[in-house]
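Structure, as structure tokens:
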Amino acid sequence: MASPRPPSPPFGRGYFSVPFERFVRDETFDQLTSAFTLLDTVETYFDSHVDLLQRKLQKHSDRLKMKAEETFKIKDLKLKDLKIKDLSGDLLADNLEREIRNFKLKLSTRVTSLSASWQSAKVVRTREKVSFFIGVMTLLGSALMFGIAPQWVHIAYTVMGLYLLPLRFYQYKKRAWHYFLFDLCYYVTILNFIYFWVFPSSPALFVACYCLSHGSLASAVITWRNSLVFHDQDKVTSLFIHIYAPFSFTVIRHFYPNAEERFPALKAVGDLNPWKALLLSGAIYAIWQILYWKFLLVDRRAKIESGQRTTSFSFLLNDKRGAIGRSLSAVPAPYREASFMGGQFLYAILTELPAVFLLYRSSFWSAVFLLAIFSVSVWNGGGFYIEVFGRKFERELEALRKEIAESSARSSSGASGASTPGTLSRGTSHTDLLSLNPPLEAFDLLELPSDSSSNTTPSVDENESKKDI
């Protein structure tokens, strides 16, 4: 027996939509009424949400389209401003070159700024103080090393050379002076290092290095006026190159304990043959001269003649005050290079004569020779300090005297007739002296004139006192 039909919902007619009203009246589909009601609810829910999602997607799509249009508009404007019709390879290359030029300009500006900072007065003073300190300590250390541990002299020579020579190369390259680095002294310095650490048992190399170090290098202290100026790193480097080589080989030959064990070449050169030594050193010198002539005077002739680069030959030729410059100027132009090279070779041989005939056999005369060379450098250094700084002080003092004289003259011309010229001159000068920066001790040397007529022309006594200053 079938179960009784459940009662109809307590709703009146017309409550539901037309389709559902039909289902309510039709008892055949009465069982499905509740199911269609659920479907209608689900349909309504999802339709609303799908519609909302569709509107969000449409809005997002419109926003993306607007951004894309703005982007393309900006690109079109940039292309129009730059007048670029296409992105061909030539245009890309031009853009790359322009960016590289801009980068180089920025880098050059930065380097110029750093260089200006490096050359500032404060930095220069600090650098000179450091150079002075290192120079004095190196001199003291070399003297102590010679007396306590002479076997360390050639090591110190190598270590200082490995520091100073690259530094000089950098400095000379920056100033376009690097052709000076092909001179004989650098060539011999490198040969010395090769003998110390690569071929210490080569008698020929030892003889050539010994003769050239005591010849051309040592005599260059006199000919090139090397100066022991501690605060100038460039002058200290030049003196080191020319004096430390003969110092090292003198120590090895006469003062190195058991030198034959460290330098076996000394066993084969117990007694030096002067003519053979001159022949060996002359051959080594000729190799350098040929390389120098080919590399500089032939391959780089255009740069040297145009003035872009400077060599020892061009420097001495343009030095009209020196004896070498005057001699070269008197030689016809086609024969100057040959005369210069021939004179250099003759000079190298002549300066080696004391070494091969006297210094190699005598430790006493070797010490005298080194002391004489070093004394010349000290004398040149003393002359530099006295003359350069003395002249600088003299110029400053003369400028001060002129300033005082001009101030006195202006005060005399602007004063009333009742005042005496002498009173005005004295009062104004005293005021000016108190307002100037130099120390008061400098003014003890000044004789202030009593009238304005004597302000412009210094007397004989004033000139003499200026010379004393």
Side-chain angles (χ1 to χ4, degrees), residues 168 172 175-188 211-229 232 234-235 237-239 241-243 246 278 281-282 285-286 288-355 369 372-388 390-392 395:
R168 165 153 290 190
Y172 277 26
R175 303 175 184 176
W177 294 353
H178 50 283
Y179 282 8
F180 281 103
L181 301 177
F182 294 96
D183 288 350
L184 180 64
C185 54
Y186 302 97
Y187 173 76
V188 174
C211 294
L212 290 171
S213 296
H214 284 82
S216 298
L217 260 69
S219 60
V221 176
I222 301 174
T223 56
W224 288 96
R225 291 185 57 82
N226 289 159
S227 306
L228 186 62
V229 180
D232 192 329
D234 186 69
K235 293 183 181 298
T237 301
S238 298
L239 181 61
I241 292 172
H242 293 138
I243 205 170
L278 293 175
S281 61
Y285 179 90
W288 165 79
Q289 187 67 84
I290 293 172
L291 294 175
Y292 185 89
W293 172 77
K294 177 65 173 63
F295 186 77
L296 293 184
L297 302 182
V298 175
D299 296 344
R300 273 76 178 173
R301 180 183 296 273
K303 289 186 177 181
I304 296 173
E305 291 181 350
S306 64
Q308 299 179 20
R309 300 291 185 269
T310 304
T311 63
S312 298
F313 172 70
S314 58
F315 177 79
L316 292 174
L317 182 62
N318 295 326
D319 185 15
K320 307 302 182 182
R321 296 178 299 176
I324 298 177
R326 292 195 302 269
S327 301
L328 290 175
S329 300
V331 178
Y335 304 103
R336 285 175 182 170
E337 292 180 2
S339 301
F340 178 70
M341 291 187 292
Q344 273 191 318
F345 181 77
L346 181 61
Y347 172 79
I349 296 299
L350 291 176
T351 54
E352 291 176 9
L353 294 179
F369 174 78
I373 295 298
F374 185 73
S375 300
V376 172
S377 69
V378 174
W379 180 267
N380 293 337
F384 176 86
Y385 281 113
I386 298 302
E387 294 178 7
V388 172
R391 289 175 182 174
K392 181 179 179 181
R395 289 193 299 269

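The shown structure was predicted, so the numbers you read here are calculated from the model rather than taken from an experiment.
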*By salt bridge (Lys or Arg N to Asp or Glu O under 4.0 Å), which residues pair with R168, not counting sequence neighbours?*
D234
*Does a side-chain heavy-atom distance below 4.5 Å link Q289 with Q344?*
yes
*asked:* Which residues pass the ring pair (Phe, Tyr, Trp, His ring centres under 6.0 Å) test with Y186, not counting sequence neighbours?
replied: none
*Does the side chain of S213 reach to within under 4.5 Å of the side chain of V188, using non-hydrogen atoms?*
yes
*Could you please spell out the steps behind the side-chain contact (heavy atoms from CB on, under 4.5 Å) verdict for L212 and E352?*
CA-CA 7 Å; L212 290 171; E352 291 176 9; 3.1 Å; yes
_side-chain contact (heavy atoms from CB on, under 4.5 Å) against F374, all qualifying residues, sequence neighbours excluded_ = L139, L228, I243, S377, V378
_Note, V229 side chain near N380 side chain (heavy atom, < 4.5 Å)_ = no
_Intermediate values then yes/no, side-chain contact (heavy atoms from CB on, under 4.5 Å), S312 and Y292_ = CA-CA 11 Å; S312 298; Y292 185 89; 4.2 Å; yes
*Name all pairs fulfilling the salt bridge (Lys or Arg N to Asp or Glu O under 4.0 Å) condition that reach into residues 324-347, sequence neighbours left out, sorted by first residue then second.*
R301-E337
_Has S314 got a side-chain atom pairing as donor or acceptor with T310's backbone, closer than 3.5 angstrom?_
no
*Of all residues at least two apart in sequence or in a different chain, which pass the ring pair (Phe, Tyr, Trp, His ring centres under 6.0 Å) check with F295?*
F182
*Any side-chain heavy-atom pair from F340 and L316 closer than 4.5 angstrom?*
yes
*According to the interplanar angle, ranging from 0 to 90°, do the rings of Y187 and W288 count as parallel (below 30°), tilted (30 to 60°) or perpendicular (above 60°)?*
tilted
*Evaluate the side-chain proximity of H214 to P354: yes if any heavy-atom separation is below 4.5 Å, no if none is.*
no
*asked:* Could you report the tightest heavy-atom contact between L184 and Y285, atom names first, then the distance?
replied: CD2-CE1, 3.6 Å
*So, do L291 and L296 sit near enough that their side-chain heavy atoms are less than 4.5 Å apart?*
no
*Kindly check if the number of other-residue, nucleotide or ligand heavy atoms within 6.0 Å of CZ (F315) is above 12?*
no
*asked:* Holding to side-chain hydrogen bond (donor to acceptor under 3.5 Å, both in side chains), I want the full list of residues that pass it with S216, two or more places apart in sequence or in another chain.
replied: none
